[in-house]
Amino acid sequence: MSTLDAEIARWSRHLRRNPAVADGDVEEMEAHLRDRVADLMAHGLDEDEAFLIAVKRMGSVDAIAREFAREHAERLWKQLVPPPAPSRVPGAELAVVLALAAGAALVSRAVAEALTPERAALCASLLVGPFLGAYFAWKRALSTDVTAVLVAVLVVTGTVVNSYPFDEDDATLVLAVLHLPVVVWFAVGVAYAGGDWRSHQQRMHFIRFTGEWVVYYTLLALGGGVLVALTMAAFEAIDVDASTVLVTWVLPMGAAGAVLVAAWLVEAKQAVIENIAPVLTAVFTPLTVLMLAAVLVAYATRPDLLAADRDLLILMAAILVLVLGLLLYAVSARDPLEPPRLSDTLQLVLVGLAIAVDAVVLVAMVARIAEFGPSANKVAALGLNLVVLVNLVRAAWLGAGFVRGHRPFADLERWQTTYLPAYPAWAAVVVLVLPPVFAFA
């Protein structure tokens with residue numbers, strides 16, 4: 001089957017999913033589609049370009065075909081219509097990225113020299129995030145009004161957080177260090193979306209970008225770590241201690257600059273990484289299912305562990321965040337018009353196990369709070385688990401409907417984009433509200 005035949009077959013399957021459309025109507029519409037494609041190809045268009053235009057034209061006269069064009073055509077053929085760049089000078093974007101990466105590295109290093117390590121860690125995302133936001137503001141030609149709002153949000157957040165009288169051993173300081181990057185990242189997401197943050201499509205693009213950015217940044221970090229280790233070993237071979245320079249200067253500056261470089265790689269190599277995403281989800285979903293199943297079995301035999309070990313509760317919260325990230329990555333990597341497959345059932349099992357683990361953790365957290373009283377760590381962990389639980393329960397309901405053939409996959413995708421603001425909202429509460437509530441302890 002040719003590529004064109006395969007895509008027309010996919011289009012036809014989408015139409016047949018609607019019980020109001022008879023098979024004869026589908027065959028007639030498919031014939032019209034083929035005629036349109038043939039006519040466009042006769043005028044010199046390539047096969048894929050002709051299919052894209054024909055699908056969009058069919059969508060203008062039929063609501064079901066319009067749904068297909070909206071959900072599928074852009075994702076399938078978006079490489080044919082790349083977003084316009086603000087500059088047509090070859091290499092201009094790379095030059096801008098390298099300049100911003102160098103700026104982020106230098107500013108981060110200069111501030112780190114002037115602050116304690118704890119305060120430097122708190123300010124890290126506030127220092128690097130604006131450079132990444134500036135890259136997207138430049139590339140998306142962000143409006144002045146939206147840019148001003150984002151700058152104001154970051155400035156106000158940074159000013160408030162840095163005015164808090166944290167001590168280096170405060171739990172609220174650690175919580176702020178962990179949650180502030182989430183707030184900054186979603187502010188960057190508004191710039192990534194070109195200011196159109198209300199668009200569910202732009203939110204899904206940002207989810208996809210986040211997953212791909214994590215992949216690239218991890219690869220850069222691993223490669224950079226190996227390079228630094230080899231460099232250190234080479235200098236040690238001639239009795240020269242380069243560890244101070246490498247650890248104090250090169251690694252921190254490289255970590256800051258790599259944030260920009262990874263983002264540029266995602267933008268530049270988007271078509272390649274989209275082929276990696278389904279592979280990663282296919283590998284890690286079954287592994288995570290086995291891990292969660294083993295955890296539940298272990299808790300069934302040792303139920304006292306959760307009631308006794310606070311660190312274990314924090315670890316389980318981290319595992320749930322990992323599961324949530326895997327769910328978002330899987331949703332962003334999937335073609336919403338494909339019929340249910342075994343991988344979707346496996347994904348549903350993963351979400352079900354995560355809900356069970358989350359319920360166990362929540363019971364243990366509530367028990368600890370009732371026994372020992374609330375603290376910043378407990379409230380932050382409890383809130384995070386509740387936020388994740390709401391998402392997982394709804395995702396399980398929608399996923400089950402899709403697997404059973406009662407709902408389109410687009411419902412699950414739309415739920416994830418609708419719920420997305422809940423995460424930066426809770427992170428902002430942890431960063432700005434919990435510290436003064438618990439007296440910065």
Side-chain angles (χ1 to χ4, degrees), residues 94 96-132 135 168 174 177-182 184-185 188 208-270 272-277 279-281 283-284 287-288 291 311 314-315 318-319 321-326 328-329:
L94 179 57
V96 169
V97 169
L98 293 178
L100 290 172
L106 292 172
V107 169
S108 299
R109 179 56 198 166
V111 173
E113 282 288 299
L115 300 177
T116 63
E118 294 77 18
R119 283 285 179 176
L122 179 64
C123 294
S125 59
L126 289 170
L127 297 174
V128 179
F131 286 93
L132 182 58
Y135 166 54
E168 61 181 36
V174 176
V177 170
L178 294 176
H179 289 79
L180 186 56
V182 178
V184 175
W185 187 256
V188 170
R208 190 175 298 113
F209 164 80
T210 300
E212 296 163 0
W213 179 88
V214 169
V215 172
Y216 270 120
Y217 190 85
T218 301
L219 293 175
L220 290 172
L222 291 174
V226 171
L227 183 60
V228 168
L230 291 175
T231 303
M232 194 178 301
F235 276 101
E236 288 179 354
I238 56 174
D239 295 327
V240 175
D241 184 11
S243 60
T244 301
V245 174
L246 292 173
V247 174
T248 306
W249 288 85
V250 176
L251 279 179
M253 294 178 67
V259 172
L260 275 298
V261 175
W264 173 75
L265 287 173
V266 174
E267 292 286 285
K269 306 296 183 182
Q270 195 170 35
V272 176
I273 193 66
E274 284 181 353
N275 292 327
I276 297 175
V279 176
L280 291 178
T281 55
V283 170
F284 284 102
L287 293 177
T288 309
M291 181 267 292
D311 293 337
I314 296 174
L315 175 62
I319 291 176
V321 171
L322 172 63
V323 172
L324 176 63
L326 186 60
L328 290 173
Y329 198 44

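Keep in mind that this is a model prediction, so the values were computed, not measured.
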- Message: Quick check: closest heavy atoms across Ala262 and Trp213, and the distance to 0.1 Å?
- Response: CB-NE1, 3.5 Å
- Task: Specify the closest pair of heavy atoms between Met253 and Ala105, including all atoms of both residues, with the distance to one decimal.
- Result: O-CB, 3.3 Å
- Query: Residues in ring-ring contact (aromatic ring centres under 6.0 Å, His included) with Phe284, at least two apart?
  - Reply: none
- For Asp239, the side-chain hydrogen bond (donor to acceptor under 3.5 Å, both in side chains) test, sequence neighbours excluded, returns none
- Message: Restricting to side-chain hydrogen bond (donor to acceptor under 3.5 Å, both in side chains), what partner residues turn up for Thr248, sequence neighbours left out?
- Response: none
- Task: Apply the test side chain to side chain contact (heavy atoms under 4.5 Å, CB included) to residues Leu326 and Leu322: give CA-CA distance (whole Å), side-chain angles for both, the deciding distance (0.1 Å), then the verdict.
- Result: CA-CA 6 Å; Leu326 186 60; Leu322 172 63; 5.6 Å; no
- Query: Tell me, do Met291 and Ile319 make a side-chain contact under 4.5 Å, heavy atoms counted?
  - Reply: yes
- Item | Under the side-chain hydrogen bond (donor to acceptor under 3.5 Å, both in side chains) test, residues paired with Trp185 that sit two or more places apart | Thr210
- Item | Side chain to side chain, Val215 and Glu212, heavy atoms closer than 4.5 Å | no
- May I ask you to test the Leu100-Trp264 pair for a side-chain heavy-atom distance under 4.5 Å? no
- Sequence neighbours left out, what passes side chain to side chain contact (heavy atoms under 4.5 Å, CB included) with Ala242? Give chain and number order. Phe235, Leu246
- Query: Just by distance, do the side chain of Tyr217 and the backbone of Ala255 share a donor-acceptor pair under 3.5 Å?
  - Reply: yes
- What residues form a side-chain hydrogen bond (donor to acceptor under 3.5 Å, both in side chains) with Arg109, not counting sequence neighbours? Glu113
